[in-house]
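Worth knowing before you read on, the calculation uses all heavy atoms, side chains too, and leaves out hydrogens, waters and symmetry mates. Residue numbers start from 1 in every chain, and the chains themselves are labelled A, B, ... in the order their sequence lines are given, proteins ahead of strands.
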Protein chains: 2
Amino acid sequence: MRLSTKGRYAVTAMLDLTLNGSDGPVTLAEISETQGISLSYLEQLFAALRSKQLVKGVRGPGGGYYLGREADEISIADIICAVDEWVEFTRCGGNRDCQDGKRCLTHNLWDDLSNEIFSFLQSITLAELVERGGLKEHGCRKEKERESIMPRADTAAA
Amino acid sequence: MRLSTKGRYAVTAMLDLTLNGSDGPVTLAEISETQGISLSYLEQLFAALRSKQLVKGVRGPGGGYYLGREADEISIADIICAVDEWVEFTRCGGNRDCQDGKRCLTHNLWDDLSNEIFSFLQSITLAELVERGGLKEHGCRKEKERESIMPRADTAAA
DNA sequence: TTTTAAACCTAGTAAATAACTAGGTAATTA
DNA sequence: TAATTACCTAGTTATTTACTAGGTTTAAAA
């Protein structure tokens with residue numbers, strides 16, 4: 001499991017879909033504007049998300065993106081795995097007898113950690129994240145200002 | 001908490017010290033040879049480890065490195081934090097009201113995950129790792145071949 | 001039917017980092 | 001005094017991140 005800002009961007013964008021997708025598709029231009037992520041970078045992230053059926057694209061004017069499944073059926077692990085492809089913590093390529101028939105000494109460590117992180121992220125869905133954050137009421141973009149989910153890079157504290 | 005091969009190299013090297021440090025200091029040349037990590041890169045890693053008192057250097061012929069504390073008093077988190085300096089998962093710089101007085105929606109998520117990973121790695125010491133791996137008997141480099149702890153990059157499976 | 005707004009696609013680029021190389025100096029032992 | 005080690009500094013290459021620039025399709029709206 002790899003953890004980077006890339007995966008966090010993807011989670012942020014998916015959260016934006018969750019919050020604002022109830023009345024029509026959300027455009028990447030909107031997400032780009034609100035969350036401060038470049039449009040073309042979002043397109044790349046969404047290409048990966050789409051290939052895993054986590055989002056559905058609608059072309060043409062009035063188009064945009066929907067969640068590919070219900071928000072309570074998409075885990076954070078799903079999202080991160082889609083954009084940050086799995087990188088083994090070990091160098092063994094995943095085979096269990098990497099060291100002359102037995103597993104190398106650190107193998108179990110990184111394996112366990114990897115599982116730990118994965119199950120943590122898999123246990124949290126987009127729906128739960130919205131509930132937990134208590135920000136469900138901010139989702140209606142027709143009546144209120146859209147809201148940034150993550151601080152912008154340029155306004156982040158030093 | 002950042003997780004990269006850098007931190008894994010450091011853990012591997014520290015494990016080598018743990019296994020082979022019982023009869024005199026271990027040289028970086030030995031670790032470099034056995035674990036397949038470049039000498040100069042090891043020197044950089046050990047500069048960081050030394051600054052955190054995780055290792056003690058002994059200069060001159062017959063010199064090398066010892067563990068800075070007992071193996072059961074050094075956690076994996078200690079090692080990784082020494083070489084992979086902490087990078088916030090959030091962009092908030094750690095302040096709790098990054099989003100107009102309230103915490104951003106993903107803040108708690110990354111915060112929780114970060115804590116999860118940290119406490120996992122903090123709960124495991126070098127000593128435990130050696131016991132768990134059941135490789136304690138391989139530590140005597142005078143009588144047996146030294147053993148690679150992690151597969152070399154060039155021999156790793158494709 | 002034309003225009004327009006969006007997804008969708010490809011290639012390239014700048015910045016950061018990881019991992020390494022090269023070439024030293026300083027301390028300690030034999 | 002010579003050898004061996006830690007210790008230090010300044011580069012270099014490869015990879016990845018995040019972005020830019022330019023397209024093409026699709027479908028709604030004018």
Undergrad: Taking all non-hydrogen atoms of both residues, which atom of A:P25 and which atom of A:Y66 are closest, and how far apart?
TA: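 What the structure gives for the nearest pair is CD-OH, 3.2 Å.
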
Undergrad: Go through it in stages, so that I can follow the logic: the residues are B:T18 and B:L129, the test is side chain to side chain contact (heavy atoms under 4.5 Å, CB included), and I'd like the CA-CA distance, side-chain angles, deciding distance and then a yes or no.
TA: CA-CA 10 Å; B:T18 310; B:L129 207 56; over 6 Å; no

Undergrad: Round to a whole Å and report the spacing from NZ of A:K6 to C1' of D:dT16.
TA: 8 Å

Undergrad: Whole angstrom is fine here: how far is it from CG in A:L49 over to C1' in C:dC8?
TA: 14 Å

Undergrad: Return the value, rounded to whole Å, for the distance between atom CG of A:L45 and atom P of C:dC9.
TA: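 Nearest whole value for this atom pair: 14 Å.
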
Undergrad: Atom CD of B:E33 and atom C1' of D:dT5: how far apart are they, to the nearest Å?
TA: 16 Å

Undergrad: Do B:V55 and B:M14 come within less than 4.5 Å of each other through their side chains, counting heavy atoms only?
TA: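 The answer is yes; the side chains approach within 4.5 Å.
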
Undergrad: Let me know the distance between CG of B:L42 and C1' of D:dC7, rounded to the nearest Å.
TA: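 Nearest whole value for this atom pair: 14 Å.
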
Undergrad: Taking CZ from B:R59 and P from D:dC7, how many angstroms apart are they, rounded to a whole number?
TA: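 In whole Å, D:dC7 P and B:R59 CZ are 6 Å from each other.
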
Undergrad: Go through it in stages, so that I can follow the logic: the residues are B:L126 and B:I79, the test is side chain to side chain contact (heavy atoms under 4.5 Å, CB included), and I'd like the CA-CA distance, side-chain angles, deciding distance and then a yes or no.
TA: CA-CA 10 Å; B:L126 281 176; B:I79 298 167; 3.9 Å; yes

Undergrad: Polar atoms only, N or O, under 3.5 Å: list the protein pairs with nucleotides 1-3 of chain D and their distances.
TA:
none

Undergrad: In terms of side-chain heavy atoms of B:Y9, which of C:dA7, C:dA18, C:dC20 is nearest?
TA: C:dC20

Undergrad: Report yes or no: do B:I31 and B:Y41 belong to one cluster of Ile/Leu/Val/Met/Phe/Trp/Tyr joined by side chain heavy-atom distances under 4.5 Å?
TA: yes

Undergrad: Counting C-beta onward and ignoring hydrogens, is there a side-chain heavy-atom pair between A:L42 and A:Q35 closer than 4.5 Å?
TA: no

Undergrad: Please check this pair: side chain of B:S32 against backbone of B:I37, looking for a donor-acceptor N/O pair closer than 3.5 Å.
TA: yes

Undergrad: Establish, with yes or no, whether the OP1 or OP2 oxygen of D:dC8 is under 4.0 angstrom from a side-chain nitrogen or oxygen of B:R50.
TA: yes

Undergrad: Looking for any heavy atom pair under 4.0 Å, which part of the strands does A:Y65 touch: base, sugar-phosphate only, or nothing?
TA: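 Counting heavy atoms under 4.0 Å across all strands, the contact made by A:Y65 is with sugar-phosphate only.
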
Undergrad: Calculate the interatomic distance between A:I31 atom CD1 and C:dA7 atom C1'; express it in whole Å.
TA: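 After rounding, the gap between these two atoms is 12 Å.
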
Undergrad: Please report the closest heavy-atom contact between A:L39 and A:L28, naming both atoms and the distance.
TA: CD1-CB, 3.5 Å

Undergrad: Pick out the pairs of N or O atoms, protein on one side and nucleotides 21-23 of chain C on the other, that lie under 3.5 Å.
TA:
{"unit_1": "C:dT21", "atom_1": "O4", "unit_2": "B:Q44", "atom_2": "NE2", "d": "3.4"}
{"unit_1": "C:dA22", "atom_1": "N6", "unit_2": "B:S40", "atom_2": "OG", "d": "3.0"}

Undergrad: What pair of heavy atoms forms the shortest contact from A:G63 to A:T27, and how long is it?
TA: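 Closest pair (atom of A:G63, atom of A:T27, distance): O-CG2, 3.4 Å.
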
Undergrad: Could you tell me the separation between the CG atom of B:L17 and the C1' atom of D:dA6, rounded to a whole number of Å?
TA: 13 Å

